[in-house]
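Below is one structure, written out as structure tokens, with a few remarks after it.
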2 protein chains.
Amino acid sequence: MLSKKAKYGLKAMFYLADRFEKGPVLIADLAEEEHIPKKFLELILLELKRNGLLHSKMGKGGGYYLNKPPAEVTVGQVVRILDGPLAPIPCVSKTAYRKCDECDNERTCEIRKIMMQVREATAAILDHTSLKDAPRAQFEVARRK
Amino acid sequence: MLSKKAKYGLKAMFYLADRFEKGPVLIADLAEEEHIPKKFLELILLELKRNGLLHSKMGKGGGYYLNKPPAEVTVGQVVRILDGPLAPIPCVSKTAYRKCDECDNERTCEIRKIMMQVREATAAILDHTSLKDAPRAQFEVARRK
DNA sequence: TACTTATTCTATCATTTTAATAGATTTTTA
DNA sequence: TAAAAATCTATTAAAATGATAGAATAAGTA
């Protein structure tokens with residue numbers, strides 16, 4: 001399951017992708033437009049920033065913005081930062097492998113084989129979809145001055 | 001993420017698939033062999049039974065057993081029963097559709113489009129893998145008398 | 001019938017995760 | 001210095017997860 005956190009994060013990233021190189025966007029605006037609780041969104045954006053996906057400016061005229069072209073940021077990156085590994089079970093994760101507790105024979109574990117396929121399929125989709133790939137309905141909302 | 005519940009459930013189903021038409025299996029044995037907390041396993045098997053995947057017999061000589069050939073039970077069925085829909089978000093679920101709260105335009109929602117693909121890919125794998133498809137290492141454990 | 005073996009049912013519980021809020025602090029600009 | 005914004009730290013409420021306890025029921029058998 002995709003958490004609300006990740007969902008909000010993706011919404012925010014798509015929003016910011018739309019405004020790439022058009023100046024910083026206020027958290028408050030983003031929160032209102034996308035119907036995301038402002039305080040919650042703050043934490044999310046901060047986390048995305050800490051992981052190198054966003055830049056920000058404090059003070060008047062500040063806000064958040066993408067630091068790379070939308071085509072260079074994938075949905076997979078965003079989801080991993082906010083929800084952790086894509087793998088359904090830790091023992092098939094490439095970015096955060098961990099041995100299963102009960103599993104004594106990883107090589108022959110059929111659950112592992114199946115979930116490995118799921119992970120591959122999921123990663124194939126999310127890591128090859130960038131913020132630019134998903135064509136987006138135009139916002140009608142004018143940016144606040 | 002696959003819950004422990006679903007993981008335990010799958011382990012149990014594979015175990016029972018191995019013993020198809022060889023008589024009922026005791027919860028206690030299954031729990032011990034697969035390192036699953038017995039009481040927890042009881043609930044899981046009951047749920048799988050209520051959903052038509054297992055039969056059971058009470059009293060002496062009783063236990064649990066598959067009521068269909070392993071080839072006719074898919075991993076997807078088991079996971080859906082124990083963990084709910086495969087879809088990462090409710091609005092792309094086929095078995096349990098639900099509108100998103102915030103989403104006002106389902107048709108243009110790019111998150112939805114992406115997660116739809118993920119759901120399809122996941123379902124394609126899990127619904128086409130049966131308990132028989134995953135070839136399994138032989139148990140060395142003799143069934144208790 | 002009484003006993004034993006098993007599943008079934010109902011309830012409860014502890015822990016973790018999720019979703020969200022509150023308030024003080026820091027940075028920047030004008 | 002005042003206003004605007006992000007940043008930081010802490011807390012909280014609710015839900016989900018993982019697990020346990022004990023009584024009830026069913027079935028076979030001596």
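Chain identifiers are assigned alphabetically (A, B, ...) following the order of the sequence lines, protein sequences preceding nucleic acid strands; residue numbering begins at 1 within each chain. Since this is a predicted model, take the numbers as computed values, not measurements.
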Strictly below 4.0 Å: does A:R50 bring a side-chain N or O up to OP1 or OP2 of D:dC8?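 A:R50 to D:dC8 OP1/OP2: side-chain N or O found under 4.0 Å.
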side-chain N/O A:Y8 vs C:dA20 OP1/OP2, d < 4.0 Å: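 So the side-chain polar atoms of A:Y8 do come within 4.0 Å of the phosphate oxygens OP1 or OP2 of C:dA20, strictly under.
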Assign A:K38 to base, sugar-phosphate, or nothing according to its heavy-atom contacts below 4.0 angstrom with the strands shown. nothing
Over all strands shown, is A:K39 touching base, sugar-phosphate only, or nothing at heavy-atom distances under 4.0 angstrom?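 Here A:K39 touches the bases of the nucleic acid.
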What residue among B:L53, B:L66, B:L48 forms side chain to side chain contact (heavy atoms under 4.5 Å, CB included) with B:L16?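 Between B:L16 and the candidates, side chain to side chain contact (heavy atoms under 4.5 Å, CB included) is satisfied uniquely by B:L66.
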Round to a whole Å and report the spacing from [atom1] of [X] to [atom2] of [N].
{"X": "A:E42", "N": "C:dT25", "atom1": "CD", "atom2": "P", "result": "16 Å"}
{"X": "A:I27", "N": "D:dA5", "atom1": "CD1", "atom2": "P", "result": "11 Å"}
{"X": "A:L46", "N": "D:dT9", "atom1": "CG", "atom2": "C1'", "result": "12 Å"}
{"X": "A:Y65", "N": "D:dA6", "atom1": "OH", "atom2": "P", "result": "12 Å"}
{"X": "B:I36", "N": "D:dT20", "atom1": "CD1", "atom2": "P", "result": "13 Å"}
{"X": "B:H55", "N": "D:dA27", "atom1": "NE2", "atom2": "P", "result": "14 Å"}
{"X": "A:E47", "N": "C:dT17", "atom1": "CD", "atom2": "P", "result": "14 Å"}
{"X": "B:L30", "N": "C:dA6", "atom1": "CG", "atom2": "P", "result": "14 Å"}

Side chain of [X], heavy atoms from C-beta onward: which of [options] has the nearest atom to it?
{"X": "A:L43", "options": "C:dT5, D:dT9, C:dC9", "answer": "D:dT9"}
{"X": "B:L26", "options": "C:dA6, D:dA19, C:dG23", "answer": "C:dA6"}
{"X": "A:P37", "options": "C:dA20, C:dA30, D:dC8", "answer": "C:dA20"}
{"X": "B:F40", "options": "D:dA19, C:dA19, C:dT7", "answer": "D:dA19"}
{"X": "A:K4", "options": "C:dA20, D:dC8, C:dT5", "answer": "C:dA20"}
{"X": "A:M58", "options": "D:dA19, C:dC9, C:dT26", "answer": "C:dT26"}

Side chain proximity check, A:R98 to A:C91, heavy atoms < 4.5 angstrom: no
Determine whether the aromatic ring centres of residues A:Y8 and A:F40 are separated by less than 6.0 angstrom.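 A:F40 vs A:Y8: aromatic centres under 6.0 Å.
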Nearest heavy atom decides the nucleotide; on that basis, is A:K60 or A:S56 closer to the 5' end of DNA chain D? A:K60
Once you round to the nearest 0.5 Å, how far does OG of A:S56 lie from CG of A:L45? 9.0 Å
How long is the gap from NZ on B:K5 to CD1 on B:I81, to the nearest 0.5 Å?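 Answer for the NZ-CD1 pair, B:K5 versus B:I81, is 10.5 Å.
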Under-3.5 Å donor-acceptor pair between B:K57 side chain and D:dG28 base: no
Salt bridge check: are A:K4 and A:D83 linked by an N-O gap of less than 4.0 Å? no
So which one's nearest nucleotide on DNA chain C is more toward 5', A:G61 or A:L2?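 Looking at DNA chain C, the more 5' nearest nucleotide goes with A:L2.
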